[in-house]
Amino acid sequence: MIFPTGCLYVVATPIGNLGDFSRRGREVLDSVDCIAAEDTRHSAKLLEHYGIRRPLLAYHEHSGAPVREKLLDMLRDGASVALISDAGTPLISDPGYALVKAAREQGSQVIPIPGPSALLAALSVAGLPTDRFRFEGFPPAAQAARRKRLRELQGEPATWVLYESSHRILDCVEDLVAILGPDRGIFIAREMTKQFESHFRGSLAEAAAWLENDENQRKGEFVLLLAGYEAKEQAAEHLPEALRIVSLLQSELPLTRAAALAAKITGVRKKLIYEAAVKKM
Ligand code: SAM
């Protein structure tokens with residue numbers, strides 16, 4: 001296969017199982033002038049496995065400005081460059097954004113070589129809604145900042161996705177219980193595509209117990225998918241306030257009007273408030 005030169009190829013690599021590396025991905029890596037890798041020692045093992053021997057350059061975003069300039073020069077000179085990260089799809093909680101942006105801005109072609117990503121792998125098997133989802137990457141490491149972030153996400157109606165490491169998985173799930181309550185649904189995908197892969201699906205309280213009771217389940221890499229905030233949760237939370245408003249307004253207004261105003265104030269559906277108010281009479 002002939003690949004155009006002067007291109008930046010963004011190549012996805014396996015997230016565990018080497019069998020998931022696409023043939024096209026391997027062919028691109030074997031044909032480029034240079035492979036820019038997040039960690040050259042880590043990627044050398046992968047390339048060695050496939051007998052790929054191309055020049056490797058370490059590229060990560062923080063220390064990367066001079067290397068980025070060098071890669072951009074190469075692209076301008078008509079060389080082809082592949083960008084890979086340690087695992088999965090570059091730029092997804094991995095380096096590459098600044099390079100791709102700059103390559104686009106200088107008019108270089110940027111071509112994706114799609115493949116594994118922990119985010120989509122987990123989403124595809126969780127059994128949670130996928131029509132809309134929100135990717136949040138790694139939550140903050142410090143507890144106060146993490147809890148603040150989780151509070152901000154509490155009302156998100158779409159399925160949301162977090163990455164987490166073994167060092168913080170239990171703390172993170174305990175914080176999720178504290179902020180979202182014990183009943184919110186969660187799916188945990190651990191060590192996907194690897195020998196000790198495991199999945200958990202249930203409530204947050206059950207997930208905390210699953211992790212606490214089995215130290216093996218706290219090892220490895222994790223994707224957490226949280227069920228979105230549901231209208232019925234919202235209703236359960238705000239209905240008492242809506243009914244209090246209705247009882248205040250009812251001496252001045254008909255019930256339908258009082259329920260409509262209470263719905264506007266609290267966000268709970270008017271029908272729900274009306275029916276609950278009738279039941280209370
Ligand atoms: N770029 C990668 C991707 O496309 O998924 C993600 C890189 S990020 C630095 C690494 C995190 O991804 C891990 O801490 C974990 O949260 C998640 N992850 C990567 N591989 C995984 C796997 N095999 N099983 C579960 N989670 C994984």
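In listed order, ligands and their atoms are each counted from 1. The shown structure was predicted, so the numbers you read here are calculated from the model rather than taken from an experiment.
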Checklist entry - Is S165 touching ligand 1 with its side chain, its backbone, both, or neither, if touching means heavy atoms under 4.0 Å apart? => result neither

Checklist outcome for this item: At under 4.0 Å between heavy atoms, what of A87 touches ligand 1? The answer is backbone

Checklist entry - How does F138 reach ligand 1, if at all, at less than 4.0 Å between non-hydrogen atoms: by side chain, backbone, both, or neither? => result side chain

Item to check | Contact atoms of ligand 1, heavy-atom distance to K194 under 4.0 Å | outcome: 23 (N)

Next on the checklist: For A189, state whether at least one heavy atom is located under 4.0 Å from any atom of ligand 1.
Outcome noted: yes

Checklist entry - Do other residues, nucleotides or ligands put more than 12 heavy atoms under 6.0 Å from F21 CZ? => result yes

Next on the checklist: Distance under 4.0 Å to a non-hydrogen atom of T89: what atoms of ligand 1 satisfy this?
Outcome noted: 1 (N), 3 (C), 4 (O)

Checklist entry - Which residue owns the protein heavy atom closest to atom 26 (N) of ligand 1, what's the atom, and how far is it? => result V223 CG2, 3.5 Å

Item to check | Backbone of L211 reached by a side-chain donor or acceptor of R218 within 3.5 Å | outcome: yes

Item to check | Cationic N near anionic O, under 4.0 Å, R149 to E136 | outcome: yes

Checklist entry - Can you tell me which residue and heavy atom of the protein come closest to atom 13 (C) of ligand 1, and the distance to 0.1 Å? => result E221 OE2, 3.4 Å

Next on the checklist: As an exercise, identify every atom of ligand 1 less than 4.0 angstrom from a heavy atom of I92.
Outcome noted: 1 (N), 2 (C), 4 (O), 6 (C), 7 (C)

Checklist entry - By number and element, which atoms of ligand 1 are closer than 4.0 Å to a non-hydrogen atom of E164? => result 14 (O), 16 (O)

Item to check | Residue portion contacting ligand 1 (non-hydrogen atoms closer than 4.0 Å) for D94 | outcome: side chain

